[in-house]
Each structure stands twice: as C-alpha cells, then as structure tokens.
Amino acid sequence: MKEFLKGLNREQAEAVLYFDSPLLILAGAGSGKTRVITYKIAYMIEELKYKPERILAVTFTNKAAREMKERVEGLVGSSAPVIVSTFHSFCVRLLRAHSVRVGYQPNFLILDSDDKKRLLREIIRDMDLDSELYNPSAIASVISNIKNGLYSADSMTIYYDRIREIFEAYNKRLKENNAFDFDDLLIYGRELLRDPELQKRYSDFFQYVLIDEYQDTNRVQYEIARALTKEKGNICVVGDEDQCIYTWRGANIDNILSFEKDFPDAKIIKLEKNYRCTKVILDAANAVIENNKLRKGKKLYTDNPAGEPIRLYAAESDIEEANFVSKTVKQFLKKGVKPSEIAVFYRTNSQSRVIEDALRKEGISYQIVGGLKFYERKEIKDIIAYLRVALFEKDTISLLRILNVPKRGLGSAVEKKLKEILEKESSNIGALKILSSELKMEKQKRAVEDLVGTIEEIREKLHQLKPYDLIRFIVVSTGYEEYLRKENPEDWESRLENTKELGNTVQEFSEREKLEGEELYLEFLSTITLSSDQDEIEEEEKVTLMTVHASKGLEFPVVFITGLEEGLFPHIKSLDTKEGIEEERRLFYVAITRAKRLLALSYAKRRRTFGSYRDTRKSRFLEEIPPYLIKEVKKRESQPAVTKEISVKSVQKEKRPSLVFHKKFGKGVVRRIEGAGENAKVTAFFANYGEKTIVMKFLKVLG
DNA sequence: CGCAGTCATTTTTTT
DNA sequence: AATGACTGCG
C-alpha cells in the first residue's frame with residue numbers, strides 16, 4: 001500500500017488517508033485532485049476492504065466519471081465496479097428503481113432543453129401571451145430557477161404576471177407524459193431520499209461518498225449528498241471556490257463556504273501546490289483572482305519553471321484575431337507541438353465560427369467541443385422522436401414534432417385537433433386513430449393512417465432488427481431520406497450520414513451494454529440526453545475549440561483565450577452586479593489555469609455581432625495581469641521563436657533560470673542565455689525597459 | 001395546405 | 001449572417 005502514497009505530497013497523502021470525519025478538500029487548479037480522489041478510492045478498496053460497488057463517486061460529467069473509473073481500475077489492477085456517475089445519472093438510477101413512489105412509471109422520459117423550450121412555446125401560445133415578453137428561453141430558465149429554489153413562482157409575478165400558470169401547466173404536461181426535465185431528476189431523486197426507508201437503505205448501503213467539483217453543486221444536489229451521509233459523515237467533497245462558474249444554474253458557492261457548518265467536525269485540507277502551470281501562468285492566475293472578494297483565500301504556488309511570457313495580441317478585427325490564432329497554431333505545429341496539445345477558448349459559442357474559418361484556411365484540423373451537439377441536430381432529433389413515439393405509450397412532444405415531418409399534408413389545423421384529442425386520450429396511437437376517424441379530407445385521413453402503420457411497424461421491429469437496421473428502417477420507411485434530399489439540397493448527404501452515425505452509435509451502445517429491445521432504447525435515450533459536451537471529445541490529433549465553460553477540468557500545454565473584450569468577456573449580461581463580474585473573473589481564472597506551458601491572449605478592436613461591426617474596448621481582466629508577465633505580439637513582426645520545444649516533459653525538467661530580477665530593471669522574463677555560470681549573458685524582457693542583455697552575476701534568479 | 005417571401009431573433013455559459 | 005417563425009397568396 002505504501003507505494004500508493006509515493007509521489008504524493010504531504011497534504012495529498014493526508015487527504016487520501018483521512019477518514020475520521022467529513023472531509024473538505026480545497027483543491028486549487030492543477031493541484032492533483034483527481035489523483036487524490038482516485039488514490040483515495042483505491043485505498044478504500046485495497047486497504048479498508050470496502051466493496052467497490054458500495055462506494056459512490058459523483059463527478060461533473062459522464063466523461064469524467066468514465067475516466068475516474070478507469071484510473072481507479074488502473075490502480076487496483078482489476079475491474080472495480082465503483083459507482084461513478086453524475087448527480088443526474090445517479091438520480092436516473094434511483095428513479096428507475098423507485099419512481100412509482102413519486103407517481104411516475106419507471107420507463108419515464110427525460111426532456112432535454114430543446115424539448116423543454118418546444119413545450120413551453122406551445123403552452124405560451126395556447127395561453128395567448130405576448131411572446132415577446134414570454135419568450136420560451138427566458139421562461140425556461142425562470143422555471144429552472146424556481147425548481148431549484150432560487151425564488152418562488154409568486155415572487156416572479158412582478159416580471160411575469162402569469163408565470164405561476166405557465167409553471168403549473170408545464171409541470172402538468174410533464175406529468176401527463178411521464179416525463180422529467182433535468183431539474184426534476186434531481187428534485188424527485190431528493191424526494192425519494194426523504195422517504196425514511198429509502199434514506200436508510202441507501203445511506204446504509206454506501207460506505208463512502210465522494211463528490212468532485214463541489215463548488216458547482218446546487219442546493220438540491222447538496223441535500224442528496226447529505227441524505228446519503230448525514231449519520232456516518234462518510235463523505236469527502238473536493239472543490240475550489242475560485243472555480244465556481246455555474247451559479248446561473250443554481251450552483252451555490254455557500255455549499256463550499258459553509259461546509260464546516262453543514263457537516264460538524266469537518267476536516268479541511270488545502271491543496272495549494274500546483275503541478276500544472278508555469279510560474280508565469282500561475283502568477284497571472286493568482287493576480288487575477290485576487291480581485292475577487294467572495295472567497296476563502298488561498299494562494300497557489302509551484303516549483304515549475306517560469307516558462308514563457310504570456311502572449312497578448314491586439315487584433316484589428318475578429319477576423320484578424322482568428323488569423324493570429326491560426327497562424328500561431330501553425331507555427332507551433334511546425335515546431336513539433338501536437339495538435340491535441342493546443343486548445344482555443346472563447347466565451348460564447350458564436351465566436352467559434354470565424355476561428356473555424358481561419359483554421360480551415362490554414363489546413364489545420366480541429367474539433368469543436370459543445371456548440372451544437374450531435375444529439376441536438378435536427379435530423380437526429382427527428383429520428384429519435386420517431387423512436388420515442390414507438391417506444392413510449394405517450395410522448396406528446398415527440399408526436400407533435402413528427403406529425404408533419406416529413407411533410408405529409410398535416411398542418412396546423414390538424415395539429416390543433418390532435419392536441420385536443422391528446423388532452424383526453426392517454427396513448428399516442430389511440431389519439432392518432434381517433435384523429436383519422438374525425439378527419440374529413442381523404443388525403444389527410446390516409447396520411448394519419450399511414451403514420452399509425454409506420455409507428456406500429458417500428459414498434460414491431462424494435463425487437464426483430466439489429467439497432468443499426470432499425471434506425472435505417474425508420475429513416476427509409478418514414479420517407480425521411482427523401483425529405484432530407486428535398487429540403488436540404490446543399491447538405492442532405494452529410495445529414496443522411498449523421499443518421500447513419502446515429503445507427504452506429506446505438507449499435508455500439510447495444511453491444512457494449514449488452515442490451516436489446518425496449519430496454520436498450522430506453523437506456524440509450526436517457527444516456528444521450530444526459531451526455532455532456534465533454535463526452536464528445538475525440539482523442540484524435542486535432543486542435544480543440546471550446547467555450548471556457550466546457551474547458552473546466554481539462555488541461556492543455558498551449559491555450560489561446562480569445563475575445564478578451566468588455567461586454568464579451570466579461571459578458572455584458574454579467575456587468576450589472578458585482579457577483580456577476582466575480583463569476584466572469586472566476587471563469588477567466590479557470591481559462592488561464594488550463595494552460596500548462598504557454599498562454600496566448602487576444603482581443604479584437606472591432607467585432608462583428610448580429611451582422612454588423614462594433615468597436616470594442618479591451619477587457620478589464622487584461623489590466624489585472626501584471627505587465628511584466630506579458631509580451632505583446634505585434635503585427636507583421638515575425639513571431640519570436642518559441643523557446644525550444646513545447647512539451648509537457650520539459651516543464652518539469654528545465655533548470656535554467658527563466659524569471660530574473662535586476663536592481664534597476666525589476667522583474668524580467670528570460671529570452672536567451674549564452675554561456676554558463678555567472679558570466680553567462682542573459683537576454684531578458686523587462687516590462688518598462690524592453691529587452692536587455694545582462695551578465696548573470698548582476699541578476700537574481702527568481703525561477 | 002404548401003410555398004415563397006418577409007420579419008425577428010439570436011449570443012452567455014449547460015447537466 | 002443565418003436561422004427560424006410568421007404571413008398571405010395560390
């Protein structure tokens with residue numbers, strides 16, 4: 001067992017070994033927390049002889065869950081059925097077993113945000129409300145906030161006088177469809193644990209509970225964690241208040257700030273040594289985050305070398321900024337940096353487009369994390385809607401989605417009629433049959449009958465066909481393939497390709513999970529609706545593009561952060577409140593600390609938004625980074641050589657000084673060194689004096 | 001009912 | 001700029 005602890009520093013080892021009371025690990029960025037968590041789990045299995053399946057680890061994404069599981073298995077050298085999941089998928093499991101207790105059938109449906117918006121749009125339209133004020137996206141987030149207990153429906157009537165009605169209608173519709181939205185999964189999961197019997201059963205069952213990214217848990221998640229561990233205090237949470245970036249989703253920074261109050265005699269261990277970033281990068285991150293007031297306060301340090309100065313590029317326009325990124329990326333690639341070691345971040349998804357164009361122009365292959373997810377593409381959602389209609393007794397949302405897709409002459413008039421029928425009828429097929437009997441026009445009658453036939457056929461084939469063939473069958477038998485050709489003359493091929501890709505995915509899923517028939521599709525559907533952006537990251541040799549939010553928990557040797565402009569980053573919608581700005585700052589902090597070795601920042605003086613150009617001002621956050629850490633990259637000037645190769649290994653090994661101090665010039669970042677010993681000539685960059693060459697003996701080495 | 005043309009909205013971040 | 005919703009005609 002001792003070898004487990006080798007390579008851990010004192011605090012890390014202490015965190016692994018501590019089991020006497022609830023434990024809060026305040027883990028700074030890059031402080032090796034994943035290591036601590038996995039070692040701790042391995043320690044429980046190997047030394048404390050806990051049963052793996054009685055250990056619950058909660059992560060932020062399903063991908064993180066998979067990785068953690070693999071790492072634990074690597075440590076204990078065998079498969080370890082530790083339950084590693086997100087709060088959402090954990091609740092799905094709970095609900096599959098006990099949903100009847102909260103009044104739902106176990107084969108429930110999970111609505112994603114697109115479904116949710118569709119449903120709300122419909123409700124709002126039915127209530128004849130002003131769609132300008134009551135816009136579905138805004139209402140969706142209000143509803144989410146109400147469900148998460150951020151405020152009550154009644155208090156929101158100041159802004160939306162009929163919000164309560166909408167809220168109730170929405171919930172009623174969910175219930176009728178035996179459906180949960182994302183928030184419901186957590187809420188009903190918690191509800192189940194309020195039942196003393198279940199609470200006892202599960203809290204007895206789990207010998208230990210670990211929660212990662214604790215700073216981003218919300219109230220309900222906290223209550224779930226507490227229900228599982230309050231008697232035994234067998235809980236360890238890991239988080240960093242400086243990385244809380246989801247308050248808009250109900251994440252509650254108090255969960256971490258008041259852990260000691262919630263869990264009496266809690267132990268707190270701080271991990272403040274960073275193993276990831278160069279000194280320059282870490283200094284910048286520390287300097288930025290110090291501007292925040294709402295924090296416990298901790299300061300990261302590192303033994304890593306100073307590294308290269310942070311590059312800053314002031315572009316004339318968004319297009320020029322994108323060119324800077326692509327040109328610089330190209331240089332790095334030439335120097336031997338692997339594409340997968342480079343990431344480009346931005347604040348909003350819409351910024352990706354220009355950057356993509358620039359990368360494509362340079363012939364650099366890239367992948368986008370997030371943005372429009374695979375399962376959110378229209379063709380995929382349409383096919384899935386057919387699957388859902390065949391699978392679920394009643395799924396009004398999906399049924400209405402496909403009623404006239406592909407076009408079969410069933411327009412709004414028919415839709416209205418169907419909705420009326422659906423209010424009383426409790427099955428999709430039943431409703432369609434009534435509908436066809438009520439229709440006058442022969443053509444429409446036949447269209448509905450055909451649709452019923454198709455759905456029933458799909459239902460039969462659910463068990464007969466292999467998953468890939470079933471998806472293919474849906475695409476062909478519904479006329480969807482033809483429809484794609486007609487509606488999308490430009491890109492029908494790639495869309496059709498996507499539907500085949502869906503077929504492959506289900507096929508693989510079925511083989512991996514060893515499931516088939518209804519059970520397979522039910523599991524598949526809940527898995528994909530809960531799949532996150534990071535779950536889609538490929539391991540290929542490509543440059544990665546993503547929003548700053550999506551970068552959480554990841555690291556890259558080279559990181560570009562683009563669009564550092566007032567109103568964009570920090571985002572305009574956060575400027576009203578101090579809390580808002582602090583959250584943006586944490587977001588920037590997260591972005592900076594993803595970089596291991598080289599950080600490049602950029603902004604554009606003019607940016608195209610909503611189709612027209614606007615002048616911008618550079619982000620206040622740039623002023624918060626000490627100037628001596630920054631090297632401004634000028635246009636046209638040939639880019640200064642990247643000192644040697646950029647590889648992860650050299651971060652740890654490099655011994656030559658990279659940050660120096662001079663009596664007159666102050667702190668300087670080393671560019672070149674000629675010779676050795678105290679007579680070596682050092683060329684360094686000083687903030688107010690520029691590049692100077694000085695003999696070593698006049699300098700103090702800082703890093 | 002479908003279509004073509006017009007209008008309006010989008011861009012905060014996401015399980 | 002680009003997508004989707006809406007409108008009025010055939």
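A note on names: the letters A, B, ... follow the listed sequences, proteins ahead of strands, and every chain is numbered from 1.
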Just the atom pairs and distances: protein N or O near nucleotides 2-4 of chain B's N or O, under 3.5 Å.
| residue | atom | partner | partner atom | Å |
| --- | --- | --- | --- | --- |
| B/dG2 | OP1 | A/Gly409 | N | 2.7 |

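Picking from B/dT11, B/dT15, B/dT12 the nucleotide with the shortest atom distance to the side chain of A/Phe182 gives B/dT15.
Take A/Tyr104 and apply the ring-ring contact (aromatic ring centres under 6.0 Å, His included) test, not counting sequence neighbours, and it matches A/Phe180, A/Tyr188. Applying the ring-ring contact (aromatic ring centres under 6.0 Å, His included) criterion to A/His98, with sequence neighbours excluded, gives A/Tyr202. Checked against ring-ring contact (aromatic ring centres under 6.0 Å, His included), A/Phe87 has no partners two or more places apart in sequence or in another chain. Checked against side chain to side chain donor-acceptor pair (under 3.5 Å), A/Asn148 has the following partners two or more places apart in sequence or in another chain: A/Asp183, A/Asn218.
When heavy atoms are screened at a 4.0 angstrom cut-off, A/Tyr246 is found touching the sugar-phosphate backbone but no base atom. Residue-level contact check: A/Ser350 touches the bases, meaning some heavy atom is under 4.0 Å from a base atom. Within 4.0 Å of A/Val548, counting heavy atoms only, lies no atom of the nucleic acid at all. Within 4.0 Å (heavy atoms only), A/Arg121 reaches sugar-phosphate atoms of the nucleic acid but no base atom.
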Side-chain donor-acceptor pairs under 3.5 Å in residues 599-606 of chain A, sequence neighbours left out?
| residue | atom | partner | partner atom | Å |
| --- | --- | --- | --- | --- |
| A/Ser602 | OG | A/Glu321 | OE2 | 2.8 |
| A/Lys605 | NZ | A/Glu316 | OE2 | 3.3 |

Donor-acceptor pairs under 3.5 angstrom involving side-chain atoms of residues 436-443 of chain A: please list them, not counting sequence neighbours.
| residue | atom | partner | partner atom | Å |
| --- | --- | --- | --- | --- |
| A/Ser436 | OG | A/Lys433 | O | 3.2 |
| A/Ser437 | OG | A/Ile434 | O | 2.6 |

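Sorted by first and then second residue, the pairs that involve residues 579-590 of chain A and meet side-chain hydrogen bond (donor to acceptor under 3.5 Å, both in side chains), not counting sequence neighbours, are A/Thr247-A/Glu583, A/Asn292-A/Arg585, A/Arg347-A/Glu584, A/Glu583-A/Arg586, A/Arg585-A/Glu624.
Remark: A/His571, A/Lys573 in residues 571-583 of chain A come within less than 4.0 Å of DNA chain B through at least one heavy atom.
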